[in-house]
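None of these values were measured; they are calculated from a predicted model.
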Amino acid sequence: MAETRSIVVLTGAGISRESGLHTFRDADGIWATVKVEEVATPEAFARDPVRVQEFYNARRRGLVGADVAPNPAHLALAEFEAGFAGDFLLVTQNIDDLHERAGSRNMIHMHGELLKARCGFCGNTAGWRNDLGAGDVCPACGKAGGMRPHVVWFGEMPFEMDRIYAALEECDLFVSIGTSGNVYPAAGFVQAARMAGARTVELNLEPSEGATLFEEAIYGPAGTVVPDWFAALDTG
């Protein structure tokens, strides 16, 4: 096998499920209980900001709860990154901070971060672990009424797409973990990696919608599959 010098890993909600966080698209997921258009679009926020803030406040409280922690899959990725001599980029669709808690460093939250808030007036982003409401003041510009969750809603552009595609064009190995394979643009990353000649691997609880696009696949709980696979990975 050729030497592996550049790796891009994509993670989705499935990697955090064993940490006690709900996925979105499973039968019992978040979108089975609440409509996307009511809480996760710019139009929803303009129409009913109180409801949108309450939805994300509840999720934020759950994330900072004492019973939520990185699982072996998060820890395995951080450990591998720390020991890998080449280029490693972790791209996550998740808005939780479990990768950071595990020790991951070179990463992109393409869909934003739940523990940050952004000002609609000045664009400043600030760490935010408490409830967010209409009366909150931006720590940068001092204006009230403009703070929103720093998350990418449906209809908005994910963050740092140029950097992600540049990494995909250069990578030797692309690994997708815990993703449904039906949310774009992330669902198209495997095709970009294949066009670059990269080895492509899916590690998931079950086959994703794009499973046939991967050269290799292993299915099972992330907390078991991910540590085992990366421990056995020969990078040359």
**Report entry** side chain to side chain contact (heavy atoms under 4.5 Å, CB included) evaluation trace for Cys138 with Met147
**Finding:** CA-CA 7 Å; Cys138 172; Met147 300 300 286; 3.7 Å; yes
Query - N/O donor-acceptor pair under 3.5 Å between Glu18 side chain and Gly223 backbone - result: yes
Query raised in the report: Between His111 (side chain) and Gln93 (backbone), is there a donor-acceptor pair under 3.5 Å?
Result: yes
Requested in this report: Check step by step if side chain to side chain contact (heavy atoms under 4.5 Å, CB included) holds for Asp96 and Leu114.
Outcome: CA-CA 6 Å; Asp96 63 58; Leu114 185 58; over 6 Å; no
Looking only at non-hydrogen atoms, find the nearest pair between [X] and [Y] and report the distance.
X      : Y      : result
Ala211 : Pro207 : CB-CB, 3.8 Å
Gly103 : Ala78  : C-CB, 3.6 Å
Ala76  : Pro227 : CB-CA, 3.6 Å
Gly178 : Asn204 : CA-OD1, 3.2 Å
Ala144 : Val137 : CB-CG2, 4.0 Å
Glu81  : Phe88  : CG-CD2, 3.5 Å

Quick test of your reading: applying side-chain hydrogen bond (donor to acceptor under 3.5 Å, both in side chains), list the pairs with at least one residue in [range], sequence neighbours left out, ordered by first then second residue.
range            : result
residues 158-176 : Asn106-Arg163, Glu160-Arg163, Ser176-Thr179
residues 128-138 : Arg61-Asp131
residues 140-157 : Tyr56-Trp153, Arg118-His150, Arg148-Glu156

Query raised in the report: side chain to side chain contact (heavy atoms under 4.5 Å, CB included) between Leu115 and Arg60: does it pass, once the steps are laid out?
Result: CA-CA 7 Å; Leu115 299 185; Arg60 193 180 298 109; 3.5 Å; yes
Report task. Please name the residue in the list Ile15, Leu10, Val9, Thr11 that meets the side chain to side chain contact (heavy atoms under 4.5 Å, CB included) test with Thr92. Result ->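 So the option named by the test is Thr11.
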Requested in this report: For a side chain to side chain contact (heavy atoms under 4.5 Å, CB included) with Leu173, tell me which candidate from Leu233, Thr235, Val8 qualifies.
Outcome: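 Single pass found, and it is Leu233.
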Joint hydrophobic cluster, [X] plus [Y], side-chain heavy atoms closer than 4.5 Å:
X      : Y      : value
Val226 : Leu75  : no
Val190 : Met195 : no
Ile177 : Leu89  : no
Val151 : Leu63  : yes
Val50  : Phe45  : no

Requested in this report: Check side chain to side chain contact (heavy atoms under 4.5 Å, CB included) between Ser19 and all other residues, then give those that pass, not counting sequence neighbours.
Outcome: Asn71, His74, Leu98
Report task. Could you tell me which residues satisfy side chain to side chain contact (heavy atoms under 4.5 Å, CB included) with Ala193, sequence neighbours excluded, listed by chain and number? Result -> Leu168, Cys171, Phe174, Ala198, Thr200
So, do [X] and [Y] sit near enough that their side-chain heavy atoms are less than 4.5 Å apart?
X      : Y      : result
Tyr219 : Val225 : no
Arg59  : Ile95  : yes
His109 : His99  : no
Cys141 : Asn124 : no

Query - Ionic contact status for Arg51 with Glu38, cut-off 4.0 Å - result: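 Yes, Glu38 and Arg51 are salt-bridged.
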Query raised in the report: Quick one: ring-ring contact (aromatic ring centres under 6.0 Å, His included) partners of Phe84, sequence neighbours excluded?
Result: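 Applying ring-ring contact (aromatic ring centres under 6.0 Å, His included) to Phe84 gives Phe80.
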Report summary line: The reported gap from OG in Ser180 to CG in Leu205 (rounded to nearest 0.5 angstrom) is 12.5 Å
Report task. Given side chain to side chain contact (heavy atoms under 4.5 Å, CB included), test Met161 with Met110 step by step and report yes or no. Result -> CA-CA 8 Å; Met161 293 305 299; Met110 63 179 293; 4.1 Å; yes
